[in-house]
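Structure first, then comments.
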Number of protein chains: 2
Amino acid sequence: MSSKKSSDADIATLLPKVGKAVRGSQSGQPIMVLFDLLGRRWSMGILWNLSDANRTFRDLQARCNSASPTVLNTRLKELRAAGLVEKAPDGYALSNDGRALFRVLEPLGDWAMEWAPKLSERQARSD
Amino acid sequence: MSSKKSSDADIATLLPKVGKAVRGSQSGQPIMVLFDLLGRRWSMGILWNLSDANRTFRDLQARCNSASPTVLNTRLKELRAAGLVEKAPDGYALSNDGRALFRVLEPLGDWAMEWAPKLSERQARSD
DNA sequence: ACTTTTTGCTACTCATTTAGTAGCGATCTC
DNA sequence: GAGATCGCTACTAAATGAGTAGCAAAAAGT
């Protein structure tokens with residue numbers, strides 16, 4: 001359940017990409033660097049789904065709406081490079097920092113539940 | 001400073017796209033719908049930059065690292081369709097819901113500031 | 001021990017998204 | 001009314017993601 005082939009080496013080459021010029025967040029403001037990282041597909045979904053349990057690659061994939069393995073793997077590398085996710089014997093897991101971030105993100109769940117019906121209403125009105 | 005050409009009509013046709021099958025978040029869970037919306041480029045950056053003042057299109061563009069006008073405009077339409085952003089006489093503004101969401105998002109700023117140095121350290125180590 | 005299944009992940013092709021730049025019509029500035 | 005600035009659209013090129021197939025390694029079954 002562990003490959004160890006190149007993935008651990010790639011993570012180093014990927015690191016500079018996180019929060020650097022890649023997706024244009026050299027603004028210097030930490031929040032923008034974070035938004036750059038979290039504002040990629042499935043980033044937050046991954047953190048969310050790792051919050052209550054460690055997950056295998058395929059489990060995670062299933063929970064992220066069958067995200068393609070290429071993106072999922074890239075996201076996981078990025079999140080590991082950022083120190084938010086790490087590998088555990090039983091799959092991927094949140095690091096300490098990852099858990100701390102999740103705690104900050106968590107209230108979004110409640111907010112989303114209040115917001116959802118309003119959104120549906122809006123959508124209904126525009127038919 | 002206001003065009004009113006097609007943009008207000010397009011917003012209706014864009015609405016169904018928000019949180020629907022588009023970027024694959026038909027999971028039904030509100031949080032995943034929200035993540036789908038926020039997990040697009042500049043979405044959170046826009047909300048963040050509108051939090052302390054209304055901004056013009058070009059001002060917003062400058063603050064979002066010169067995001068291309070096409071994306072910026074798309075994001076703004078999506079956020080308006082989602083009821084988080086609206087147009088004010090002096091530019092774009094957060095709606096009530098948008099402000100509520102920002103309050104939930106706000107702690108990320110502090111967290112990011114604690115996290116930033118750790119990230120730099122990581123990046124330094126992998127050189 | 002050997003087959004079968006499952007797992008993590010890479011490789012590839014094709015669709016979608018974003019960047020990057022140019023520019024038009026409307027509005028502000030003087 | 002000339003110039004600057006504005007919101008925004010159009011277009012092309014590059015980057016990113018989806019979708020599918022499949023392999024090597026590990027797990028599980030017998």
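Just so we're on the same page: letters track the sequence lines, and every chain starts at 1.
Side-chain N/O atoms of N73(A) include none lying less than 4.0 angstrom from OP1 or OP2 on dG8(C). Residue R58(B) places none of its side-chain N or O atoms closer than 4.0 Å to OP1 or OP2 of dC8(D). An OP1 or OP2 oxygen of dC6(D) is reached within less than 4.0 angstrom by no side-chain nitrogen or oxygen of Y92(B). At least one side-chain nitrogen or oxygen of W42(B) sits closer than 4.0 Å to the OP1 or OP2 atom of dA19(C). Checking the phosphate oxygens (OP1, OP2) of dG7(D), a side-chain nitrogen or oxygen of T56(B) falls inside 4.0 Å.
Taking atom CZ of R75(A) as the reference point, atom P of dG8(C) lies 18 Å away to the nearest angstrom. The distance from atom CG of D59(A) to atom C1' of dG8(C) is 13 Å, rounded to the nearest whole Å. If you take CG of D36(B) and P of dA18(D), they are 10 Å apart, rounded to a whole angstrom. Taking atom CD on E78(A) and atom C1' on dT16(D), their separation rounds to 11 Å, with Å as the unit. Separating the CG atom of L60(B) from the P atom of dG7(D) is a distance of 9 Å, rounded to the nearest angstrom. Separating the CG atom of L37(B) from the P atom of dT17(C) is a distance of 14 Å, rounded to the nearest angstrom. Whole-Å rounding puts the K77(B) NZ to dC8(D) P distance at 9 Å. Computed from coordinates, the F57(B) CZ to dT27(C) C1' distance equals 16 Å when rounded to whole Å.
Annotation: salt bridge (Lys or Arg N to Asp or Glu O under 4.0 Å) contacts involving residues 95-109 of chain B, sequence neighbours excluded, comprise K118(A)-D97(B).
In this structure, the side chains of V104(A) and D110(B) stay at 4.5 Å or more apart for every pair of heavy atoms. Counting only heavy atoms from C-beta outward, the side chains of L101(A) and L108(B) approach each other to under 4.5 Å. Counting heavy atoms from C-beta outward, V85(B) and Y92(B) have side chains that approach closer than 4.5 Å.
Checked against dA22(C), dA18(D), dA21(D), the side chain of P69(B) finds its nearest nucleotide in dA22(C). Closest to the R40(A) side chain, of the nucleotides dG8(C), dG17(D), dT18(C), is dG17(D). Looking at the side chain of K87(A), the nearest of the listed nucleotides dC9(C), dC6(D), dA19(C) is dC9(C). Checking dT18(C), dA10(D), dC12(C) against every side-chain atom of T70(A), the shortest atom distance belongs to dC12(C).
Between L72(B) and Q61(A), the residue anchored closer to the 5' end of DNA chain C is Q61(A), taking for each the nucleotide with the nearest heavy atom.
The CH2 atom of W42(B) sits 15.0 Å away from atom CD of E78(B), with the distance rounded to the nearest 0.5 Å.
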